[in-house]
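Note sheet for the following structure.
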Amino acid sequence: QVQFVESGGGLVQPGGSLRLSCVVSGSLLRLIAVGWYRQAPGKQRELVAGITIGGTTNYADSVKGRFTISRDNAKSTIYLQMNSLESEDTAVYYCNLKRTTNVYWGQGTQVTVSS
């Protein structure tokens, strides 16, 4: 099975930046897309940013212009660069990977934006 090592979360002040990393291991055959989701207490999990195998990206409206998703294939790592962070960005962030027949989730990393 696909496994993730997710890191980069933490506490940051409003306006600050963080970079989340997700190192992927296991089979990446028939990969469709990878992405980042987040979930705050009492709220539904939502897509933050995704990128297809062909390079097409998709961002939540709330993070457009502030977040950037990328992937380093040589390192099997997915990144989420988060700039101009706001308190509303506080959530647990989950790495996500989709293959043709399976969906996989990371363990989550906490991002807290607070002064």
Side-chain angles (χ1 to χ4, degrees):
Q1 291 185 331
V2 174
Q3 294 182 323
F4 305 96
V5 178
E6 194 172 356
S7 63
L11 175 65
V12 65
Q13 294 183 341
S17 298
L18 287 173
R19 188 178 74 164
L20 305 184
S21 299
C22 179
V23 180
V24 181
S25 62
S27 178
L28 298 181
L29 297 175
R30 301 176 180 87
L31 181 67
I32 297 174
V34 296
W36 291 91
Y37 288 70
R38 68 185 181 188
Q39 186 169 25
K43 298 182 179 180
Q44 293 183 325
R45 186 174 298 185
E46 64 174 348
L47 173 68
V48 178
I51 182 168
T52 68
I53 192 66
T56 301
T57 57
N58 186 37
Y59 296 92
D61 288 340
S62 60
V63 308
K64 287 181 179 178
R66 300 188 297 119
F67 291 10
T68 302
I69 187 170
S70 62
R71 184 170 70 176
D72 186 333
N73 290 332
K75 297 181 179 180
S76 297
T77 303
I78 308 161
Y79 301 99
L80 183 67
Q81 179 66 47
M82 304 185 293
N83 299 324
S84 301
L85 283 162
E86 305 166 353
S87 60
E88 292 78 10
D89 297 316
T90 297
V92 177
Y93 285 70
Y94 297 90
C95 186
N96 170 268
L97 182 148
K98 296 181 176 66
R99 295 196 291 172
T100 55
T101 58
N102 300 92
V103 178
Y104 304 91
W105 295 95
Q107 79 282 0
T109 184
Q110 177 71 46
V111 172
T112 302
V113 185
S114 177
S115 60

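Basis for what follows: all heavy atoms, side chains included, without hydrogens, waters or symmetry-related copies.
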Among the clusters formed by ILVMFWY side chains lying less than 4.5 Å apart, do [X] and [Y] turn up in the same one?
{"X": "Tyr59", "Y": "Ile32", "result": "no"}
{"X": "Leu31", "Y": "Val24", "result": "yes"}
{"X": "Met82", "Y": "Ile69", "result": "yes"}
{"X": "Val113", "Y": "Val92", "result": "no"}

Could you check whether any side-chain heavy atom of [X] comes within less than 4.5 Å of a side-chain heavy atom of [Y], counting everything from C-beta outward?
{"X": "Phe4", "Y": "Ser25", "result": "no"}
{"X": "Tyr93", "Y": "Val48", "result": "yes"}
{"X": "Tyr79", "Y": "Thr68", "result": "no"}
{"X": "Asp89", "Y": "Phe67", "result": "yes"}
{"X": "Asn96", "Y": "Val103", "result": "yes"}
{"X": "Leu18", "Y": "Asn83", "result": "no"}
{"X": "Pro14", "Y": "Glu86", "result": "no"}

Donor on one side chain, acceptor on other, [X] and [Y], under 3.5 Å:
{"X": "Thr112", "Y": "Gln110", "answer": "yes"}
{"X": "Thr90", "Y": "Arg38", "answer": "no"}
{"X": "Arg99", "Y": "Tyr104", "answer": "yes"}

Check: Has Glu46 got more than 12 heavy atoms of other residues, nucleotides or ligands less than 6.0 Å from its CD?
Finding: yes
Next item on the list: Could you tell me whether Arg45 atom CZ has more than 12 heavy atoms of other residues or ligands within 6.0 Å of it?
Entry: yes
Check: What residues form a side chain to side chain donor-acceptor pair (under 3.5 Å) with Arg71, not counting sequence neighbours?
Finding: Asn73
Going by atom type alone, with no hydrogens or angles, which donor-acceptor pairs under 3.5 Å involve a side-chain atom of residues 49-58 and a protein atom two or more places apart or on another chain?
residue: Thr52; atom: OG1; partner: Gly54; partner atom: N; Å: 3.3
residue: Thr52; atom: OG1; partner: Gly55; partner atom: N; Å: 3.4
residue: Thr52; atom: OG1; partner: Thr56; partner atom: N; Å: 3.1

Rounded distance [0.5 Å steps], [atom1] in [X] versus [atom2] in [Y]:
{"X": "Ile78", "Y": "Ser21", "atom1": "CD1", "atom2": "OG", "value": "10.0 Å"}
{"X": "Ser7", "Y": "Gln107", "atom1": "OG", "atom2": "CD", "value": "8.5 Å"}
{"X": "Leu85", "Y": "Ser114", "atom1": "CG", "atom2": "OG", "value": "12.0 Å"}
{"X": "Cys95", "Y": "Leu80", "atom1": "SG", "atom2": "CG", "value": "9.5 Å"}

Next item on the list: Return the minimal non-hydrogen interatomic distance between Ala40 and Ala91, and the atom names on each side.
Entry: N-CB, 3.9 Å
Item checked: Which atom of Gly106 lies closest to which atom of Tyr94, heavy atoms considered -> O-CD2, 3.5 Å
Checklist line | Side-chain (Glu6) to main-chain (Gly108) donor-acceptor, under 3.5 angstrom | finding: yes
Check: Is a side-chain donor or acceptor of Arg19 paired with a backbone partner of Gln81 at a separation under 3.5 angstrom?
Finding: no
Next item on the list: Step by step, work out the side chain to side chain donor-acceptor pair (under 3.5 Å) result for Asp72 and Thr77.
Entry: CA-CA 5 Å; Asp72 186 333; Thr77 303; over 6 Å; no
Checklist line | Ring center gap for Trp105 and Tyr37 short of 6.0 angstrom | finding: yes
